[in-house]
Colleague: 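One structure coming up, written as structure tokens, with questions to follow.
Throughout, protein chains are lettered first and strands after them, A, B, ... in sequence-line order, and every chain is numbered starting at 1.
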There are 2 protein chains.
Amino acid sequence: MFKRLSKYINILIKTKKTTIKDIANVLNISAAAVSKALHNDSRISEKTKIAVREVAEKLNYQRNHLASALRSGKSYLVGVIVPRTNSSFFSSVIQNIEEVLNKKGYNIIITQSNESYKKECDSIDTLLFTQVDGIIASMANETVDLSFYEKIKSKGIPLILFDRGENDLNVDYVGIDDYASSHLIVKHLAEQGCKRIAHIGGYKRTRIFNNRIRGYIDALKEHNLPLEEELLIECNLTIEDGRKYMLQLINLQDKPDAVYVAGDYAALGALQILKENTIKVPNEIALVGFGNEPFTAMVTPTISSINQHSEEIGKQAAERFLFYQNEKNIKQNLNKIILNAELIIRDSSKLT
Amino acid sequence: MFKRLSKYINILIKTKKTTIKDIANVLNISAAAVSKALHNDSRISEKTKIAVREVAEKLNYQRNHLASALRSGKSYLVGVIVPRTNSSFFSSVIQNIEEVLNKKGYNIIITQSNESYKKECDSIDTLLFTQVDGIIASMANETVDLSFYEKIKSKGIPLILFDRGENDLNVDYVGIDDYASSHLIVKHLAEQGCKRIAHIGGYKRTRIFNNRIRGYIDALKEHNLPLEEELLIECNLTIEDGRKYMLQLINLQDKPDAVYVAGDYAALGALQILKENTIKVPNEIALVGFGNEPFTAMVTPTISSINQHSEEIGKQAAERFLFYQNEKNIKQNLNKIILNAELIIRDSSKLT
DNA sequence: ACAAGTTGCTTAAACGTTTAACTAAATAAT
DNA sequence: ATTATTTAGTTAAACGTTTAAGCAACTTGT
């Protein structure tokens with residue numbers, strides 16, 4: 001065996017990669033036996049398994065992922081679609097998905113939709129083309145037509161949604177309790193003595209923003225606070241939107257004494273306007289954001305915000321995917337995993 | 001042909017995916033002919049090509065990426081390794097790499113090293129295991145041992161480095177002119193009348209930080225400003241480092257009147273300390289960061305910073321990779337593409 | 001002692017595509 | 001008219017792995 005091995009090591013220097021055939025040749029057994037040995041098949045003796053592993057190690061064998069994926073119909077690749085990666089929330093979700101999946105031998109392919117429906121469709125196409133074993137996605141704001149997502153389902157691979165999901169797709173979803181988060185915020189502001197709480201929110205057509213608005217409305221009622229139409233605004237939650245609508249709010253005859261903004265970027269824009277107009281935060285107007293972006297702790301004053309538990313969302317989404325890998329036929333249903341969110345209270349809402 | 005086609009469409013409903021064999025059967029030609037037709041081979045008649053394309057469309061054919069990759073030895077996947085994705089610089093570089101490569105039929109697999117050498121090695125292993133056609137990477141701060149990167153080269157696939165590179169690897173590199181950037185900053189500060197310019201930089205062992213330090217030193221000379229040892233600091237450039245070393249600087253007997261910080265996060269920490277100590281920025285101490293992270297335009301005062309041209313870096317890195325795809329044998333040399341950086345002047349260094 | 005079961009492999013086909021080598025027919029060149 | 005060239009394909013092997021089916025050679029049970 002040693003002669004054979006050293007002979008192969010010499011050949012190896014010239015040739016590119018070691019295959020199971022090379023190992024089989026060294027040990028004078030069949031390639032099939034090697035494959036089984038490496039998969040710890042019960043029909044291979046312990047002695048052979050040890051020998052195979054040893055030679056594989058010596059020859060620096062690496063399984064050809066393409067060949068095994070082709071044969072077994074599994075690529076061990078998972079597609080991840082996010083609106084963008086340069087947000088700490090998505091970046092952290094991705095990192096945790098990767099961590100869980102890598103442990104099980106899966107790799108992830110990340111694509112960014114940039115909040116564009118068209119780019120999202122392209123992403124889905126390329127992921128399907130790459131034969132991913134499943135897709136974990138957070139939908140673009142723009143997306144209303146679900147046909148491309150239906151395409152994923154029709155391919156028979158699992159689809160897991162997180163943060164931005166849609167009930168109509170009837171698949172797994174992982175996210176935080178947006179409705180309860182609004183309650184947390186309103187309760188906190190009410191406890192600080194605020195009476196006129198405004199809400200700069202997202203559009204109702206997006207499920208999560210609808211829930212935040214419902215939560216806001218119901219929580220006002222619970223605390224016996226009036227719901228004023230002029231204090232409830234829907235927008236895209238960009239920095240510019242935050243500026244625009246905060247300006248609108250401070251120009252009201254009857255100003256709010258607190259503003260709950262459904263996104264941190266818009267909250268930042270709102271804060272800029274407040275500072276530019278030398279309105280004291282939080283004493284004149286208190287401010288709360290959503291998402292716990294790192295900059296909320298960096299600006300002056302620091303902005304209170306909701307921590308969305310990105311780590312847990314990433315982990316749970318990955319676990320849901322893995323669940324289906326053990327199932328024979330993938331029959332997905334609407335299955336929501338709702339995590340409790342946490343309100344991080346900072347200077348912008350700590351009344352003195 | 002129509003009978004054959006409709007028959008196949010019926011079968012399609014039951015079966016999973018269309019293959020070139022299915023197309024071949026419909027048209028009564030060989031699978032090889034179909035393959036060639038789809039690759040626009042000159043030995044196939046125009047008539048056949050059109051027919052093949054038509055049937056492929058009808059049967060909703062999608063090429064099996066695994067099979068073609070296995071056979072042709074190309075996976076059309078490119079690995080991208082970054083220290084992290086939640087920085088606007090890396091996120092934008094990635095987006096531009098993706099844009100260029102998608103157009104040529106490549107997909108990218110993104111992995112994050114989290115600035116950890118160990119995670120970086122794992123990333124390299126999984127990418128090689130996935131049989132990527134090449135790797136585009138920005139090295140972790142920690143990385144000193146280059147053996148894992150040598151492993152990429154030894155596999156015969158191209159390695160392109162950006163931002164954080166190493167001359168010793170003798171591969172392509174795309175980045176900005178760090179040396180000149182320091183000149184831009186020092187010149188700007190000198191023009192504002194600053195006389196004692198400090199530098200909170202990265203560690204000299206990392207090439208880019210070494211260049212920034214060299215640029216700082218040489219630019220001081222050019223403007224006839226003294227180089228004081230106590231004003232030149234090396235660190236990891238985290239927010240905490242920024243705080244720590246700015247505190248050290250303002251406690252000097254002879255305080256600086258300007259601080260050039262080689263990273264935006266550290267610059268932010270530095271700004272926090274200045275504000276906490278009610279030191280007027282920029283009039284008492286002017287501040288310049290590096291990287292043009294979005295928050296530099298969000299904080300008060302806004303922080304001057306260097307725009308690293310992430311779009312261009314991403315595009316050029318992708319182009320370098322594509323260059324090698326047309327070459328027979330990949331023989332890489334040290335080939336640096338150095339882009340001009342741009343100084344964005346904001347409030348933190350605009351003296352009045 | 002002999003059927004039945006177990007162990008430890010081997011053989012061969014399959015996954016879907018690409019490609020080198022070949023061929024038959026049509027066309028052009030001498 | 002004969003040979004050379006071009007055209008438009010075909011055939012078959014290959015990429016590296018997995019896996020169903022098969023088959024000796026043992027071990028058990030009765």
Colleague: If you pin B:A33 and B:L70 to their nearest nucleotides in DNA chain D, which one's is more 5'?
Modeller: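 Going by which nucleotide is closer to the 5' end, it is B:A33.
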
Colleague: Check whether A:Y106 forms a cation-pi arrangement with A:K104 (NZ or CZ under 6.0 Å from the six-membered ring centre, at most 45° off the ring normal).
Modeller: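 Not flagged: A:K104 not positioned over aromatic ring of A:Y106.
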
Colleague: Checking A:N114 now: which residues fulfil side chain to side chain donor-acceptor pair (under 3.5 Å) with it, not counting sequence neighbours?
Modeller: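 A:N114: no side chain to side chain donor-acceptor pair (under 3.5 Å) contacts found.
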
Colleague: Using salt bridge (Lys or Arg N to Asp or Glu O under 4.0 Å) as the criterion, list what pairs up with B:K336, not counting sequence neighbours.
Modeller: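 So B:K336 forms no salt bridge (Lys or Arg N to Asp or Glu O under 4.0 Å) with any residue.
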
Colleague: Separation of B:D41 atom CG from D:dG9 atom C1', in whole Å?
Modeller: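 So the two atoms are 10 Å apart, to the nearest Å.
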
Colleague: Quick one: label A:T48 by what it contacts on the DNA or RNA (base, sugar-phosphate, nothing), any heavy atom closer than 4.0 Å.
Modeller: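 A:T48: backbone/sugar contact only, no base atoms under 4.0 Å.
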
Colleague: At what angle, to 10 degrees, do the two end axes of the helix from C:dA1-D:dT30 to C:dT30-D:dA1 meet, given five pairs define each axis?
Modeller: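 The helix from C:dA1-D:dT30 to C:dT30-D:dA1 shows an end-to-end axis angle of 40°.
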
Colleague: How far apart are the closest heavy atoms of A:I20 and A:A31, and which atoms are they?
Modeller: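 Closest approach of A:I20 to A:A31: CD1-O, 3.7 Å.
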
Colleague: Please identify each residue that fulfils side chain to side chain donor-acceptor pair (under 3.5 Å) with B:S147, with sequence neighbours left out.
Modeller: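 Once residues adjacent in sequence are excluded, the partners of B:S147 under the side chain to side chain donor-acceptor pair (under 3.5 Å) criterion are B:D145.
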
Colleague: In whole Å, what is the span from the NZ atom of A:K74 to the C1' atom of D:dT19?
Modeller: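 Nearest whole value for this atom pair: 16 Å.
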
Colleague: What nucleic acid atoms does A:S68 come within less than 4.0 Å of, heavy atoms only: base, sugar-phosphate, or nothing?
Modeller: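 Sugar-phosphate only.
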
Colleague: Toward the 5' end of DNA chain C, which comes first, A:K49 or B:Y61, by nearest nucleotide?
Modeller: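 The residue whose closest nucleotide sits nearer the 5' end is A:K49.
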
Colleague: By the 4.0 Å heavy-atom rule, please label B:I29 as base, sugar-phosphate, or nothing.
Modeller: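 Sugar-phosphate, backbone atoms only, no base.
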
Colleague: I'd like to know if the side chain of B:N170 pairs up with that of B:N333 as donor and acceptor (distance under 3.5 Å, no hydrogens or angles considered).
Modeller: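 Judged by distance alone, the side chains do not pair up.
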
Colleague: Using the test ring-ring contact (aromatic ring centres under 6.0 Å, His included), find all partners of B:F129 that sit at least two apart in sequence or belong to another chain.
Modeller: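 Counting only residues at least two positions away or on another chain, B:F129 forms a ring-ring contact (aromatic ring centres under 6.0 Å, His included) with A:H65.
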
Colleague: Under a 4.0 Å threshold between the charged nitrogen and the carboxylate oxygen, would B:E142 count as salt-bridged to B:K119?
Modeller: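 Answer for the salt bridge query: no.
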
Colleague: With a 4.0 Å cutoff (strictly under), does any side-chain N or O of B:S45 reach OP1 or OP2 of D:dT7?
Modeller: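 Answer is no, no contact under 4.0 Å.
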
Colleague: A:R43 CZ to D:dA20 C1': how many Å, rounded?
Modeller: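 Rounded to the whole Å, the gap is 12 Å.
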
Colleague: For the side chain of A:Q316 and the backbone of A:V174, is there at least one donor-acceptor N/O pair under 3.5 Å apart?
Modeller: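 No; zero donor-acceptor contacts below 3.5 Å.
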
Colleague: Under 4.0 Å, counting only non-hydrogen atoms across every strand here, what does B:S30 touch: a base, just sugar-phosphate, or nothing?
Modeller: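 Answer is base: heavy atoms of B:S30 come under 4.0 Å of a base.
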
Colleague: On DNA chain C, check which nucleotide each of A:K36 and B:A32 is closest to and give me the residue with the more 5' one.
Modeller: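 Closest to the 5' end, via its nearest nucleotide, is A:K36.
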
Colleague: Could you tell me the boundaries of the chain A footprint on DNA chain C, defined by atoms under 4.0 Å from its heavy atoms?
Modeller: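 Result: C:dT7 to C:dG16.
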
